[in-house]
Structures are given as structure tokens and as C-alpha cells.
Amino acid sequence: MDGVDLNTLTVLASIASLTTLLLTATVVRQYHIRKALRLSEEKFSKAVGFSPDAVTISHLSDGCFIEVNDSFSTLTGYSRSEALGRTSIELRLWDDPGGRQALLESLKQSGTVRNQEIAFRHKDGRAIHTLLSTAVFNLDNRPCLLTVARDVTDWKLAQARLQRLAERDRLTTE
């Protein structure tokens, strides 16, 4: 009888030890996963926050901004609080209202748009020329757009000046 009790206790102790080891391994694994996720979020946040390009995240269905960086505010003149929960149409950012629809059509075909020239309007009404890239991705099982816009306004103005100078030189030599 004592042998049976000792065997039973040994089996129970082994089960308890194995359960403790498995639970500890699960807790340690979850800790490492949470730590990796935190680091990934921090890297993404810093990369977006320090980017010289305007970066936005918006819902694909309604176009509402759910995230914008400081460069977006500098480029457009709209503060983060003015932009979040609103759309680019509500903010009157599109120089050509049909441009947004054309961009969405391109997105439907390939899921991404890279380095497309898009003209926007600053809050004060002046033209902004950008090189825009955007891609569809899922955030909490909801289709969203990650958009990066590089301000090329100065480059476009310099290019136009060079063309005018070249035309003037051509006319002068004729």
C-alpha cells in the first residue's frame, strides 16, 4: 500500500513539475513576443515620426485619417488634431478631385501605387506637388492605406524655370 501511494505521489509530482515547466515556457514565450512587438511598434513609430516625408494611415472604405505624422502637418498646414477622423476631401487637399478616384482605381488593379505625381493644396490654398506612394494593408482586419508623400514642389518649380529658360534661349537664337 505504501508503494502505491509513493508511486501515485511521484506521478502527481511529475505531472505538476511538467505543468509548471510548460506554463513557465509559455509565459517566457509570451514575454518575448510582447517585447518583440513593443520593439517593432517603437521602430515603426520612430521611422514614421522622423520621416521627412508625409506619412498617413487612413481607412480604405471612407478615407478617414487614423494616423498622420508631423511632416504631413508641415506639408499640408493641417495639425494632427485637424486631420484625424477627417478625409483628404474634407480637408480639400486634392488639387484635382478626380485624382483621388484615379488613384483608387490604380490601387484596385495592383494594390500599390509607387512614385505617382499628385498635386495637392496646402491649407492656405497654395499648390503642393508630391511624389506619392501608397499601399493597401489590413489593420485590425480592416483595409487601410499607408501613404507616403514626398514634397517635390521646389523641384517642379525649378524644372519649369529651366524649361522657360531653355525656351527663351531657343527663341533668342532664332
Side-chain angles (χ1 to χ4, degrees), residues 6-94 99-118 120 122-123 128-155:
L6 186 59
N7 284 339
T8 302
L9 286 174
T10 303
V11 168
L12 287 175
S14 297
I15 291 171
S17 294
L18 183 60
T19 303
T20 301
L21 284 172
L22 291 173
L23 185 58
T24 301
T26 301
V27 168
V28 167
R29 183 169 168 247
Q30 287 178 348
Y31 167 80
H32 288 295
I33 289 170
R34 280 194 297 273
K35 183 178 177 183
L37 180 60
R38 228 178 10 258
L39 289 172
S40 177
E41 287 173 348
E42 185 178 335
K43 285 189 286 187
F44 177 78
S45 177
K46 289 213 185 292
V48 168
F50 287 111
S51 174
D53 295 329
V55 179
T56 66
I57 298 174
S58 57
H59 291 129
L60 181 61
S61 60
D62 60 12
C64 280
F65 291 116
I66 57 175
E67 189 60 61
V68 299
N69 68 352
D70 289 342
S71 294
F72 170 86
S73 296
T74 301
L75 179 69
T76 66
Y78 290 98
S79 69
R80 187 173 191 275
S81 61
E82 289 175 303
L84 294 182
R86 297 183 69 197
T87 68
S88 59
I89 294 171
E90 290 173 324
L91 297 176
R92 296 187 180 125
L93 290 176
W94 290 90
R100 182 178 185 276
Q101 193 57 40
L103 182 70
L104 291 174
E105 290 300 320
S106 295
L107 276 171
K108 282 181 187 176
Q109 292 175 2
S110 65
T112 62
V113 170
R114 293 186 185 271
N115 298 321
Q116 185 170 337
E117 287 189 33
I118 301 283
F120 290 109
H122 189 274
K123 185 178 181 179
I128 306 166
H129 298 279
T130 67
L131 216 55
L132 186 132
S133 297
T134 189
V136 177
F137 75 105
N138 283 318
L139 184 63
D140 286 334
N141 295 318
R142 188 168 179 184
C144 291
L145 291 177
L146 174 63
T147 304
V148 178
R150 175 165 293 166
D151 185 357
V152 294
T153 304
D154 291 341
W155 179 79

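Heavy atoms only: backbone and side chains are in, while hydrogens, waters and symmetry mates are out. Residue indices begin at 1 and follow the sequence shown. Remember, it's a predicted structure, so these values are computed and weren't measured experimentally.
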Would Val48 and Ile57 count as a side-chain contact (heavy atoms from CB on, under 4.5 Å) if you check the C-alpha gap in whole Å, the side-chain angles of each, and the deciding distance to 0.1 Å?
CA-CA 11 Å; Val48 168; Ile57 298 174; over 6 Å; no
Quick one, Leu132 with Phe120, criterion side-chain contact (heavy atoms from CB on, under 4.5 Å). Give me CA distance, side-chain angles, the key distance, then yes/no.
CA-CA 11 Å; Leu132 186 132; Phe120 290 109; 3.7 Å; yes
Applying side-chain contact (heavy atoms from CB on, under 4.5 Å) to Thr76 and Leu93, what does each step give before you reach the verdict?
CA-CA 8 Å; Thr76 66; Leu93 290 176; 3.8 Å; yes
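A distance-only check finds a donor-acceptor pair linking the side chain of Asn69 to the backbone of Val55 [under 3.5 Å]. For Thr130 (side chain) and Ile118 (main-chain N/O), a donor-acceptor pair under 3.5 Å exists by modelled atom type. When atom types are taken as modelled, the side chain of Thr87 and the backbone of Gly63 share no donor-acceptor pair closer than 3.5 angstrom. With Ser40 contributing its side chain and Ala36 its backbone, the two residues share no donor-acceptor pair below 3.5 Å.
Surrounding CZ of Arg86 are more than 12 heavy atoms belonging to other residues, nucleotides or ligands, all under 6.0 Å away. Counting non-hydrogen atoms of other residues, nucleotides and ligands closer than 6.0 Å to CG of Asp70 gives a total of 12 or fewer.
Of all heavy-atom pairs between Gly77 and Lys123, the closest is O-CD, 3.3 Å. The minimum heavy-atom distance between Tyr78 and Ser73, with the atom names listed, is O-OG, 2.9 Å. The two residues Gln116 and Ser106 have their closest heavy-atom pair at OE1-OG, 4.5 Å. Of all heavy-atom pairs spanning Ser71 and Ser51, the tightest one is OG-O, 2.5 Å. Between Val152 and Leu131, the closest heavy-atom pair is CG2-N, 4.0 Å.
In this structure, the separation between CD on Glu41 and CZ on Arg38 is 9.0 Å, given to the nearest 0.5 Å. Considering CZ of Phe137 and CG of Leu60, their distance stands at 10.5 Å, rounded to 0.5 Å. With rounding to the nearest 0.5 Å, the separation of CZ in Arg142 from CD1 in Ile66 is 7.5 Å. Atoms OG1 and CG, on Thr153 and Leu75 in that order, are 7.0 Å from each other to the nearest 0.5 Å. To the nearest 0.5 angstrom, Glu82 atom CD is 12.0 Å from Phe65 atom CZ. Note that CG of Leu22 is 6.5 Å distant from OG1 of Thr26, once rounded to the nearest 0.5 Å.
With a 4.5 Å cut-off on side-chain heavy atoms, Pro143 and Asn138 count as touching. Looking at Leu145 and Ser58, their side chains come closer than 4.5 Å, going by heavy atoms from C-beta outward. Residues Leu103 and Thr134 meet the side-chain proximity criterion, which asks for heavy atoms closer than 4.5 Å. Side-chain contact check for Glu67 versus Arg80: some heavy-atom pair is nearer than 4.5 Å.
Ion pairing between Glu105 and Lys108 holds under the 4.0 Å rule for side-chain N and carboxylate O.
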